[in-house]
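FYI, side chains are in, hydrogens and waters are out, and symmetry mates aren't considered; it's all heavy atoms of this structure.
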Amino acid sequence: MNTAPQAERPARLAVGVVGAGRVGPALARALQQTGHRPVAVSGVSDASRRRAARMLPDVPVVPPAQVLEVADLVLLTVPDDALPSLVEGLAETGAVRPGQLLVHTSGRYGVSVLDPARRAGALPLALHPAMTFTGTEVDVQRLAGCSFGVTAPDELRLAAEALVIEMGGEPEWIAEANRPLYHAALALGANHLVTLVAQSMELLAKAGVEHPNRMLGPLLGAALDNALRSGDAALTGPVARGDAGTVAAHVSELRKHAPGTVAGYLAMARTTADRALAHGLLKPELAEDLLGVLADGANGANGANGSGSGPGSTGPTGSAGGDR
């Protein structure tokens, strides 16, 4: 695990967690491994309480206000939509203490969402781990080398970066105004990937493949590696080649066996075609027939089958770390 330079390392802190979802306990455990001391955690559901007991044994589960009473560093690890009201409530009730580090892990927000607490004297930090969490011990291991989207006032930047490094992560500075775009980029890649992979496994099972995960693992691993290395130059497959007949056959089969996947297939195929054209991978003379097939497919998707709006036609849109 990386360690911050000694001069920049924050003092050993009493750590509290408000929201024992998947993210908070893992971050608290990571901080504990570097000498910080988890002292309190809040959780409402039975699942949250069990997770807190498993990940942070012997740490008392108390209401949020009591977490703030005993913690120097408070991790606000709640869903994005709950964060503003939580911060306002804590500030209005006088739970926030001057000089207290208040850290949220939302990808969407920067530090302005913490303004009510900042006016009460808190030190605001936004530290978003660009990682998907399971709520288990493996999350702590995955933080090694994980990028964090960091937003903080200039005077707290070193402290924010030091905390990230202590958790094993790599700080990446994100301007306040760019947080929504940053988060959209992560959701587009990570959340939609899960939807696409799940749909692909379902279709392979319908096609008679006994172990879809085994078939997809090497293929998707290679595709991801190629994409990260080469970007659009890694595009391959019938759309990038301009194989209009093959794409038409795909659409026909999907409409028969999994109509809920048609809209997503067509949208991704059109986007792939546009990018392949722009990068010179798809020959213009082949693009016309291909785009015609996609247009015909889109018109059919809005017809009697209703596949454009049927169940499963859109995937989940939560954040990379949305289930806090």
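Taking 4.0 Å as the cut-off between side-chain N and carboxylate O, R37 and D72 do not count as a salt-bridged pair. Comment: E166 engages R12 in a salt bridge, judged by a side-chain N to carboxylate O separation of less than 4.0 angstrom. Residues D232 and R275 are paired through a salt bridge, judged by an N-O separation under 4.0 Å between the basic side chain and the carboxylate. With salt bridges taken as basic N to acidic carboxylate O contacts below 4.0 Å, one links R157 and E161.
For S252 (side chain) and A248 (main-chain N/O), no donor-acceptor pair under 3.5 Å exists by modelled atom type.
Residues passing the side chain to side chain donor-acceptor pair (under 3.5 Å) test with E176 are S112, sequence neighbours excluded. For the ring-ring contact (aromatic ring centres under 6.0 Å, His included) test, no residue two or more places apart in sequence or in another chain qualifies with Y109. Scored by the side chain to side chain donor-acceptor pair (under 3.5 Å) test, R118 finds no partners at all (sequence neighbours excluded).
At a cut-off of 3.5 Å, with distance as the only test, no side-chain donor of R22 or T134 sits close to an acceptor on the other residue.
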E69 and R97: salt bridge (Lys or Arg N to Asp or Glu O under 4.0 Å), yes or no, with the steps? CA-CA 8 Å; E69 285 180 9; R97 293 188 285 108; over 6 Å; no

Should H36 and Q32 be marked as a side chain to side chain donor-acceptor pair (under 3.5 Å) after you check the CA-CA gap, both sets of side-chain angles, and the distance that decides it? CA-CA 5 Å; H36 298 288; Q32 185 179 38; over 6 Å; no

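Aromatic ring centroids of H128 and H104 lie 6.0 Å or more apart.
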